[in-house]
Structure formats: structure tokens, C-alpha cells
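So the structure is just underneath, and the comments pick up after that.
In the text below, chain A, chain B and the rest are named by the order of the sequence lines, each starting its count at 1.
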Amino acid sequence: MVAQQVSLPPVELRIAEPDWSHLHRHLFPGDGDEHGAVLLCGMATSARSLRLLVREVVLAQDGVSYVPGIRGYRQLTGEFISHLIRRAKDERLAYLAVHNHGGNGDSVNFSRPDLESHERGYPTLLNLSRQPVGGLVLAQRAVAGDIWLPDGSRRPLGRTAVIGGRVVVLTPAAQQTQLAVDARYSRQALVFGPAGQRILGQAKVGIVGAGGVGMLLVQTLARLGVGHLVVIDPERIDPTNLPRLPEATRLDAMLWLDHNGRPAFVRKIGRRLAHRKVHVACRIARRADSSIIVDPVAGDVADEVTARLLTDCDFILLAADTMLARDVVNQIAYQFLIPTLQVGSKAVIDQASGDVLDIFAAVRNLGARRGCLRCNDLIDLKRLGEEALGDPVQIRNQQYVDDPEVHAPSVITLNALGAGWAANALMQYLVGLRPLADGFQILRTTPVGGSHPYVTVQEPEIDPSCHVCGNKPYSAMGRGDQHDLPTRMKA
Amino acid sequence: MATSSGRSLVTTTPETRPVLKTAVEAAVAALREVYGEDQVHLVPDGQGGAWVEICAVELGDTYVQETTFVIFLLPFNLPGADIYPVFVRHDLARHDGAALGEGLQCTTLSWPGHPPQRPVVQISRRTRNGAFASQTAVQKIEKVMEWLRNK
């Protein structure tokens, strides 16, 4: 085995809150004794981190599969291990054996017998499964891990992130660092402290869609002090975007070429020369904070290579309105266990009379809990099919009737309602002030009727057979890199 | 392209190398097992999906013709997408002389196969409730053809 190299990305365990509670209750029932379990995990590898994503928690029953040990205090039975290592191999999942220690609860580490048992057993398990194997030891508020990888390296677990309504990060020992706050952030640090500001500075947030909502999010998060943004949008600035995109200029839209007084070919040139939305997003973010890292991605998140850029984010904001984008990001949220907010605004207009029937913004919490956009019929399957088909001639032949040139109504004030709500939720979640709201939230500036309050919270439907967030063997939940995304595969 | 942040603008213009997504490959393998290797022809759509043409599928007693080709797209986003619609021969006619009826309509298929513009009858049968993941491509096609035979 090779000692850990400094340049290697840290190993992080990510576990959904219900799975964490299930595991924690089993390990700490209040008897002060030691208990065991196994985690089967998907994996997500990037330059930033190696993430182990808990897909399934298998509890070891005391006296049946967790028994008095030959060399140590307790051990998993051979039969239990053999069954699960075979599953790990077949389903290409990492195998992590878990047990608990007592102590003060704020720090934990493996005992010498623990490490000796790893050295005796893990080379064989690694050989059998060809997937990462390892051990975790838990105290009440600390987790340590010893991870063995198929490339021959052996790495400590850096941190454990519990993905739920409230962000919980656990390490082998409580970290206490004296932090100074940049003077620029002194006012907001009064709300969430230097530690909160540091968390924001270390966060990587994906923003899908740099339109009316997405651009406001870029501006807000850059000023808030988020350290790294990945902004994805394939489009260029259009003159009709200018009333809704902060800091976008007439030059960005090439308005001097693309306006009604110009011949068609000149307007076409103008549209081709117009600046990309992600370029403007980058400029906005840099003006807010010159030290921010921005990855401007001029691509469609429905393309495989683009979608994969999101898989090591800490948080994703979905502000795109195509069904393919919704579907892809919805799946990333669950497949990679990344808290995600879908943000949008809508004006419902009677086509015949032109009357405004309803105006609202929606903020929907995904990834942190089951009940996804698929479970709730929030992906229009007809439009999804049309977008996946791609060929406009065949789309017409199949008699899809929606006119792609008819744009949805959009107003900056309404977009700001959703963007502000989502940015607040993100800030409070990341710094640990407030949990993410459980339900899908519908926000109205003025209620349309007596039945509509200002904020409507919809309890999401959960479909256990959902192929994205369900609990069936075919679901994408926690699968990580090993499972296809619903993306175009052209690169 | 450098941006104002000094980082490169990432453009993700796709290549056109034909590849199939895992779920599409699995669906093709299952279709070939049921209908025969030489009866199932494939035209990749360049996005990870594939157009499939199954030759000579029996139509039963309802129709003048004994068999038809069956064409459909296995979209790149399987299993989260419907296999819809399904196309069969354009001269489909009933023995009783009645119109083909609801769910069937004459149209032209524009696809990357041959010929690129092909007259067909479109069968519009959607899978309800988004229950795609629990239904295989073979089950879907069998279900549609059973509906056609019994119509």
C-alpha cells in the first residue's frame, strides 16, 4: 500500500439524512455497546474530491451478523461480508464496514486492533470486489475512515457530509480554527460568523441557466462571497433579454446590429456576434469579487460532457426551463447527493383574453430528500420527448403543436422574487443558520384569490418506484459515476 | 477563449461519433433476442440513442397486409423517456374497409435511415404515469403491436 500523497483530492463520504439517522440509531441505541453495519456506496471522482455516495445502509444484526470477535471485541460474520462484497462487485459499489466507539463523542479514531483487521482483510476484499473497500468508525459527532482503493492507494476519510434539510459535516476530530474575516464581509459575518463566511468562500455552486433568474443568482452569490461558481448556458444575449439581465448592455446584445431597422442578414450577424450569457455572468461575478473562481460553460447541460461539470458541486441552482435541463439536473441531485434548488417564475395568461390569471415564483428543494421532479410530474414528458428528438422536421411530422418561437412571459421583479428566496435558502443552509424547507414553495407577491396565501408549501409526492430517487435496484440514487445520466452522449 | 476572470470559456460543442447509451444498448440487445438478430436494424441518432427498424412483424387477421416493419426511436434518455411514437407501413388497410381510426395517422417519417423521408402510419400510444423504467422496450413494442392487432 502507498502512503497518501498530498496532491490527491480528499475523500468525502456523502449520506442522505434519512440514511444517516437510520445508521446512527442502530449504532447508538443508548446501550453504550458496539454495533456494526455496512454501507454500499456509489462513487464520484473529480479533481476536487473523491466522493463516496451512500446508496444503501445494511445493518448488521447483533449476535447474528455482528458477533464477538476472534481478535477484536466484535466482528462482522464471514457470511455477511461475503454476501455484501459480492453485491458490491456486481453493482460496482464501494464496500464500507462501519462500527462505533464510545468516548467523548467529538473525536474518534481506529484502535490498533481495528487497523490490524483492515490490513488482514481488506486486500482480499479489494481483490474480490475490484471496487473501493474500507472501514468507518463513528463517535456521536465524529467519523473517521480508512479507505482502500483499487489503484493500490490507502486514504483517510477527510470528512462526512450529511445531506439533508440541515447541512452536517463531520470529521475525525472537531476543528477549531481562529478565523479572520475580510473587512468587506464584516457586516454579513455578524449574521453567520467568520466560519460561515469561510464556508461560503470554499463552496462550489453550479448555476444552470444564466437567464433572468440565473443571472440574478450569479450576481447575488458572487457578492455574498461564494468562492466558486460553475455557470452553464448555451445562449447568447438577445435584445429581449436586456430588461431582465442585470448589467447586460446594448453592446452585449449587439443591439446596433440586431434591431428592427436593420436588414435580416445584418440582424443575423448581430445575433452571432452577441456576447454569450455565461461571458456576461463571468463579468458580473468578477466585478463583485475579483478573487472568485468562475467556470463559464457555453454549453447545454443536456450534453454529457457539460452535465458532468456539476457532479462535484456543493450545491446546484437550476434556473433553466427546458425539460431536458430539468430532467438532467434533477437526476444529478439524487445520483450525486447534491442539494439542489429548482427556481423559476411564471405568469399564467389566458390565451384568448390576455388576462393574467396567476403570477408566482417556485423554489423546489431536490437532492436532500426523496420526492423529485419526476415523482411530482414536474417534467413535461411530451416536451421532453420533443426536445430529445432534436430533429425539427420530425417534430412537426409528429404533430407537436407548441411553437418554439413563442416565448414565455417574464419580468425581472418576479424573477428577483424566486432568485432572492433561493439565494437566501442557499446561504442559510450552507452556513448552518436554517435548514432547507422540506416542501416545494410557491411564492406570490399578491395572492390571486382567497385560496392562495403568499407562500404555499406543497408536500412533494414520493414515488418509491421512481427511476431517479426511488428505492428500486434500477434507481439512480447515490449511484455516482457508475450510472448513466439522461444526457446526450456525443463527446 | 479567455474571459474577464482569466479562466477559459468552456465550450462543449459535441462531437458526432456515434455511441449508444447503456440503456439503449441493453434495449437493442433485448429486441434482437426476441425478434432475431437479422430482423432488427439500427441507425444511431448521433446523440446516444438509436432508431430501430424491426422487419416483418406479423399484423394478425385485422389487416389486409400480413406483416409490417416497425420503426421507433430509442431515445438517449432511456429509461426516463417513452418510446413514442411507433411507425408502421404506410399502406396499412383493414380487411373490413373501415378507417384506421383513432391513434393511427398517415404521416412522413424524417429520420437518419433509408429513405430519409419515408411515408408511414404513426401509432400514438403513450406510456401513462411516466412508468417507463419498469417497462422494457420489448414490452412496450409488444403492447403497441397487440393494441394494433386487436383494434
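Between chain A and the residues B:G80, B:A81, B:P79, the most heavy-atom pairs under 4.5 angstrom are made by B:G80. Listed options B:S124, B:G48, B:S110, B:P112 were ranked by heavy-atom pairs under 4.5 angstrom with chain A; first place goes to B:S110.
Using a 4.5 Å cut-off between heavy atoms, A:L485 contacts chain B through its backbone alone, with no side-chain atom that close. For A:T487, the parts lying under 4.5 angstrom from a heavy atom of chain B are both the backbone and the side chain. At a 4.5 Å heavy-atom cutoff, B:L78 makes no contact with chain A through either its backbone or its side chain.
The two atoms that bring A:A320 and A:A325 nearest to each other are CB-CB, 3.8 Å, heavy atoms only.
Proximity of B:V120 to B:T107: side-chain heavy atoms (C-beta onward) are separated by under 4.5 Å at one or more points.
Stacking of A:R308 on the aromatic ring of A:F336 is not recorded, the 6.0 Å distance cut-off and the 45° axial limit not both being met.
Classified by interplanar angle (parallel below 30°, tilted 30° to 60°, perpendicular above 60°), the ring pair B:W51/B:W111 is perpendicular.
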Test side-chain hydrogen bond (donor to acceptor under 3.5 Å, both in side chains) applied to B:T62 and B:K151, step by step:
CA-CA 8 Å; B:T62 312; B:K151 191 169 158 55; over 6 Å; no

